[in-house]
Amino acid sequence: LDALLSHDEL
Amino acid sequence: MNIFRLAGDMTHLASVLVLLLKIHTIKSCAGVSLKTQELYAIVFATRYLDILTSFVSIYNTLMKLIFLGSSFSIVWYMKYHKTVRRTYDRDQDTFRHWFLMLPCLLLALLIHEKFTFFEVLWTFSLYLEAVAILPQLVLLQRTRNIDNLTGQYIFLLGGYRGFYILNWIYRYFTEPHYVHWITWIAGLVQTLLYADFFYYYFLSWKNNKKLQLPA
């Protein structure tokens, strides 16, 4: 989830 | 989603639309660096590799598709469109983009959050985006007479970066555990590269004159 969180921006 | 990020995404979107408008309606890409546009296409291609596997929101997926589609179509126009390609400043746009891509790849292999294929390429895209504007700034410096649309394009891109920094500050204080050093430092470097351009942009705006950069 952590990795995904940092990828929620464009 | 906070107001700063939305503003950042919207200025980013506006910058791409301004560039497409120039290319599509005026049929000219004078003053636009193909090297920078190719780098952006690579940035989006490597960053959005997870477009099919990780879903954040419809907004995110839609924006990713727009940035991928627009960056590749701009490159296509500049390389292959029969009238647009003739307006390209080929002889001035000589920046070697390998000199930017190779160090970024090495840095991504050395400094990343996780050593996986997707993560390293994602980090590479962050580093590359930070410096992708350099060929454009060099071309600007060389051609010197900048039309309004090209100036607005770079101004909007810089605005996008500025809003993203405000977004990170906001998220840092409102979301627990929101710490992303790699993203922040790469983003900060990228924004600083615009500082010089912004200075002259505001100078010309204040004096109500056409934007001209010093030699």
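Sequence lines set the chain letters: A, B, ... in the order given, protein chains first and strands last, and positions in each chain run from 1.
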Has B/Ile58 got more than 12 heavy atoms of other residues, nucleotides or ligands less than 6.0 Å from its CD1? no

Let me confirm one number: the CD-CE distance from A/Glu9 to B/Met63, rounded to the nearest 0.5 Å. 12.5 Å

Take atom CG in B/Leu192; do more than 12 heavy atoms of anything else shown fall under 6.0 Å from it? yes

More than 12 foreign heavy atoms under 6.0 Å from OH of B/Tyr59: is that the case here? yes

Heavy-atom cut-off 4.5 Å, strictly under: side chain, backbone, both or neither for B/Phe118 against chain A? neither

Could you tell me which portion of B/Asp9 (side chain, backbone, both or neither) has an atom closer than 4.5 angstrom to a non-hydrogen atom of chain A? side chain

Going by salt bridge (charged side-chain N to carboxylate O under 4.0 Å, His left out), name the residues that satisfy it together with B/Asp93, two or more places apart in sequence or in a different chain. none

Min side-chain heavy-atom separation A/His7-B/His180 under 4.5 Å: no

Sorted by chain and residue number, the salt bridge (charged side-chain N to carboxylate O under 4.0 Å, His left out) partners of B/Lys64 (sequence neighbours excluded) come out as B/Asp50

Quick check: under 4.5 Å, non-hydrogen atoms only, which of residues 160-169 of chain B neighbour chain A? B/Tyr164, B/Asn167, B/Trp168

Is B/Trp76 atom CH2 crowded by more than 12 heavy atoms from other residues, nucleotides or ligands, each under 6.0 Å away? yes

If you count heavy atoms of other groups shown closer than 6.0 angstrom to OH of B/Tyr170, is the number above 12? no

Tell me every residue that passes ring pair (Phe, Tyr, Trp, His ring centres under 6.0 Å) with B/Tyr201, counting only those two or more places apart in sequence or in another chain. B/Phe155, B/Phe197

If I take atom CZ from residue B/Arg5 and atom CG from residue A/Leu10, how far apart are they, to the nearest 0.5 angstrom? 5.0 Å

